[in-house]
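Working notes, structure below.
Computation of the quantities below employed the complete heavy-atom set of this structure, encompassing side-chain atoms and omitting hydrogens, waters and symmetry-equivalent molecules. Throughout, numbering of the chain's residues begins at 1 and tracks the sequence. Atoms within each ligand, like the ligands themselves, are counted from 1 in listed order.
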Amino acid sequence: MKLLVAAIAVPAPLYRLFDYRIPDSAGHVLVPGLRVRVPFGRRRLVGVVAEAPREIETDGRDYKFIEAVLDQVPVFPADLWALCRWAADYYQYPLGEVLSAALPGPLRRGDDVEIRRQNILHLSESGHAALETLPARAHAQRALLQQLITTPCTRAQLLELLPKAAANLRKAMEMGWLMEVPVTVPECVSGAALAATPEQAAVIEALRASAKGFSASLLEGVTGSGKTEVYLQLAADAVARGEQVLVLVPEIGLTPQLLARFKERFGAGVASFHSGMSENERADAWLRAREGEVRIVIGTRSAVFVPFARLGLLVIDEEHDASFKQQDSFRYSARDLAILRAQRLEIPVLLGSATPSLETLHNARSGRYRHLKLASRVQQSAPPKIRALDVRTRGLDHGLSAPLFEAIERHLSAGGQALLFINRRGFAPVLLCHDCGWSAPCLRCDAHMTLHRGRGRLICHHCGAQQKAPVTCPSCESKSLVPVGQGTERVEEALRAKFPDKRVERFDSDRLRRAGELERLLADIRSGEIHILVGTQILAKGHDFAGLTLVGIISADQALYGTDFRAIERMGQMVTQVAGRAGRGAQQGEVILQTHEPEHPLLRTLVDGGYSALSDALLEERRMAGLPPFSHLALLRAEATQADAPLRFLNEARQLMSVESEGVQISDAIPATMEKRAGNTRAQLLLQSSSRAALQRRLSAWVVQFDSLPSARQVRWSLDVDPGDLY
Ligand code: ADP
Ligand code: ZN
Ligand code: ZN
C-alpha cells in the first residue's frame with residue numbers, strides 16, 4: 001500500500017524533517033510554505049510544509065496525520081521562503097526553528113493571516129443631536145463625543161486619549177451615537193526633499209544609475225554628513241516606481257530620529273518593526289508589508305524576515321553595528337542576510353556607516369561593493385579632532401583628570417554642553433578590601449560583582465546575581481572596603497560634586513528603565529537644561545545635539561588589552577561615533593580621550609588618522625593573521641553545570657571531523673575566556689577556513705552527527721557561524 005506524506009519542518013531543536021500523512025479532507029494540494037498543525041509527541045505544534053507531498057510504500061511505521069492546514073496560500077512568499085531555507089543551511093540551524101523565528105508571534109502560533117482592519121469612529125446624526133441635549137453634568141460623555149468631532153479615531157486611540165471612557169464608549173455605541181467607518185489604506189506621498197549638497201548629489205546620482213538589478217554600495221560618511229537624506233531620496237525614487245523599501249537599523253529606541261524623519265517625509269506609508277511593539281502590532285506590519293500596503297518598513301534585526309510584495313531597495317544603516325548579529329539560538333546576521341536577499345531579488349542594497357566594519361570595507365576595496373563617500377558635514381563645522389590625553393602621572397579624581405575638568409568648565413562657561421562617555425554601568429567594577437584583598441567575586445561566574453552604590457547592591461553584569469553591598473569585609477570584617485575603577489554612577493557623582501549648580505544626567509540602562517524616559521531627557525538636552533551628560537553607548541548612536549561642544553572619553557584602554565580579535569575595531573567605532581556627537585551645530589567640537597597608553601601604535605593611528613587609518617592598519621593585521629575578512633570562522637560552544645562535560649563533548653565532536661579535512665582547520669577544545677558563567681562551565685572549539693563553501697560543507701555533515709554522541713546530551717551546545725566575538 002502507498003501513503004501520501006509531506007515533510008514538515010517543526011519548531012524543535014532537531015535537524016530532520018518529519019513525514020506526516022495528508023488527510024483526504026485537506027483537499028487542495030500542499031505546497032511548501034503552508035502552515036499546518038501537527039501532533040508532535042504529546043504536544044501540538046504549528047509546522048510548515050517543507051517539501052511537496054510524495055508517495056511512499058508503507059513500511060510498518062505509524063505515520064501521524066496532519067490535523068489542519070492553516071493557510072490557503074503559503075505564509076512565506078517565494079523569496080522569503082528561499083531566504084529562510086538558505087539561512088537554515090548556512091547558520092546550521094533547524095529549518096523549523098528558523099521558520100518559526102521568522103514569523104511574528106501570532107502567526108507562529110497558528111493565528112489567521114487576516115490584517116486586523118480597525119474602524120474609525122465618527123459621530124452619527126443622533127450623536128450630534130445627543131451632544132445638544134445631553135445634560136451639562138454628563139461631562140465625560142460630552143468630552144467623548146466632542147473628542148470624536150475634533151479627531152475621529154479608532155477605539156484603541158480613543159481609549160488612549162480618554163483612558164476612563166470605556167463605559168461611556170459602550171453606552172454611546174448602544175445609543176447609536178457613533179458610526180464605524182473602515183480605515184482606507186493611505187496613499188503614500190513623499191514630502192519635499194532637501195536640496196542636496198553637491199556631495200550628496202553626486203552620491204545620489206551614482207546610486208540612481210544602478211537602481212535596477214543587484215548592486216551593493218557602501219556609503220561611508222561621517223556623522224552629520226547627510227546619509228539619512230540620501231536614504232530618504234532613494235526611498236522616494238523607489239516609492240515613485242511603486243516599490244517598497246526596507247531600512248534596517250540597530251536599535252529603534254536609540255535612533256528615534258531616523259524613524260521620525262522617514263515618517264515626516266512619507267507619512268502613513270511608513271511602518272516600524274521592532275521588539276518594542278506588541279506582537280499584534282508586529283504581525284499587522286508584517287502582513288501589511290506582504291500585501292504591499294506599507295511602502296517603507298524601518299526595523300531592527302528581525303525585520304530582515306518581513307515579506308514584501310514589491311521590495312525595490314534595501315538600506316542597512318550603521319551596518320557595522322554588532323546588534324545586527326543575533327547572539328543566541330538562531331545566530332544569524334541580519335546584515336548578511338539582507339545582502340543575500342537583495343542579491344536574490346536583484347535589487348540594490350545600500351550600507352551606510354561613519355565607521356564601516358572591516359568586512360564591508362574589505363568588500364568595498366576588492367570591488368565587490370561600490371564605495372561612495374560623504375566626506376564633510378552638511379552644517380559647516382568640521383568633524384572634531386580627537387586629542388589623546390596622557391593621564392599616566394596625573395592624579396585622577398574618580399577617573400577624571402584635572403585637564404578634563406578644566407575643559408568641561410571652559411565649555412560650560414562658553415554656553416556649551418559636555419558629554420562624558422564611559423562604557424560601564426554602576427559605581428565601580430570592583431569592591432576591594434584594603435586589608436585582606438577580598439574583591440567581591442560572583443560565586444557563579446569568573447567575574448567581579450559591580451558595585452551599584454545608589455541601590456546599595458552588588459550586581460554581577462554577567463549572570464544578574466545580586467546581593468546587598470556589605471559595609472564590612474565578609475572575609476576579615478575590616479571596614480576598609482574601597483571601590484576600585486569607575487562606572488557611570490561614580491562619574492556622575494564626581495561631576496555633581498564638582499559642578500553643584502549644573503544639571504548632570506546619567507544615561508545608561510539602569511537610569512532609563514521607564515518607557516519615555518530617554519525621550520524626556522533628550523528633550524531636556526536639546527533645550528539646554530541639561531549641562532553635562534554621562535553615559536554609555538546609549539549616547540553614541542544617532543542623536544543630534546546641536547549644543548554639545550565637548551566629548552570626554554574616560555578611557556578606551558580596556559580594548560587595547562582585550563583578547564577578542566575585534567576589540568580594537570569596536571573601540572575605534574565607538575570612539576569615533578561618540579566623538580561625532582560633538583560640534584554638530586555651528587561650533588567646532590573638542591574631543592578628549594584619556595589614556596594610560598598614549599604610545600600604543602593603534603591608538604596613535606586612530607588619534608592621528610581617524611577611523612579610516614585605523615581600519616587600514618587593522619585590515620593589514622587581519623590579513624597577516626589570516627583572520628576575517630581574510631578567512632571564515634565558526635565557533636562551537638558548549639556549557640554545562642558539570643565541569644568536565646563541555647571539554648569532553650568538544651573533544652568527541654572534534655574526533656568526528658576528519659583531520660584537517662578539505663582546507664578546514666580545527667583548533668583544540670579550550671575553556672572559554674570567562675570559563676565559569678552563571679554557574680556553567682564553558683568551553684569552545686574554533687573552525688577556520690579560507691573557503692566559505694568548504695567550511696559550509698564540513699559543518700553540514702558534522703552537526704547532524706552530534707546527536708549520536710552521548711556527551712552531547714550532557715551539555716548545551718551551539719554552533720555560531722561567522723561569530724561576532726570569540727567568547
Ligand atoms: P547622517 O545621517 O550622515 O548622520 P543626517 O542625514 O542626519 O546625517 O544629516 C545631518 C543634518 O544635516 C540633519 O540635521 C539634516 O536634516 C541636515 N541635512 C542633511 N542633508 C541636508 C541638505 N541637503 N540640506 C540641508 N540640511 C541637510
Ligand atoms: Zn577583608
Ligand atoms: Zn555572575
| query | Do any nitrogen or oxygen atoms of T228 come within less than 3.5 Å of a nitrogen or oxygen of ligand 1? | reply | yes
| Is the number of heavy atoms from other residues, nucleotides or ligands under 6.0 Å of K325 NZ greater than 12? | yes
| said: Checking contacts here: is it the side chain or the backbone of Q200 that comes within 4.0 Å of ligand 1, counting heavy atoms only? Could be both or neither. | reply: side chain
| field | Proximity winner for atom 8 (O) of ligand 1, if only heavy atoms of A354, G352, G226, A195 are counted | value | G226
| request: Would you mind listing which atoms of ligand 1 come within a distance below 4.0 Å of any non-hydrogen atom of T197? | output: 23 (N)
| Salt-bridge contact D616-R365 (side-chain N to carboxylate O under 4.0 Å) | yes
| field | Donor-acceptor contact present, side-chain E319 to main-chain L351, <3.5 Å | value | no
| remark: Within the 4.0 Å heavy-atom cut-off, what Q257 brings close to ligand 1 is neither
| task | Report the angle formed at the Zn ion (ligand 3) by atom SG of C445 and atom SG of C463, rounding to the nearest 10°. | result | 110°
| Heavy-atom contacts under 4.0 Å between V222 and ligand 1: side chain, backbone, both, or neither? | backbone
| Geometric N/O contact L194 with ligand 1, under 3.5 angstrom | no
| Any salt bridge between E493 and R490, counting N to O under 4.0 Å? | no
| Any ion pair linking R566 and E359 (charged N to carboxylate O, less than 4.0 Å)? | yes
| request: Taking the six-membered ring for Trp and the full ring for Phe, Tyr or His, determine whether the centres of H462 and H448 are under 6.0 Å apart. | output: no
| said: If we set the cut-off at 4.0 Å for heavy atoms, which region of A196 has an atom near ligand 1: side chain, backbone, both, or neither? | reply: backbone
| Between F649 and W717, how do the two ring planes meet: parallel, tilted or perpendicular, split at 30° and 60°? | parallel
| query | Is the number of heavy atoms from other residues, nucleotides or ligands within 6.0 Å of CG (L443) greater than 12? | reply | no
| Salt bridge or not for E675 and R682, using N-O below 4.0 Å? | no
| query | Near E229, which atoms of ligand 1 are under 4.0 Å from a heavy atom of that residue? | reply | 6 (O), 20 (N)
| note | Numbered in order shown, the ligand 1 atoms found under 4.0 Å of a heavy atom of T223 are 4 (O)
| task | Using 2.8 Å as a strict upper limit, say whether an N, O or S atom of C442 approaches the Zn ion (ligand 3) that closely. | result | yes
| Residue selection (non-hydrogen contact nearest atom 4 (O) of ligand 1) among S353, G224, S225 | G224
| Any non-hydrogen atom of R261 lying under 4.0 Å from ligand 1? | yes
| query | Is the Zn ion (ligand 2) less than 2.8 Å from an N/O/S atom of H434, whether that atom is in the backbone or a side chain? | reply | no
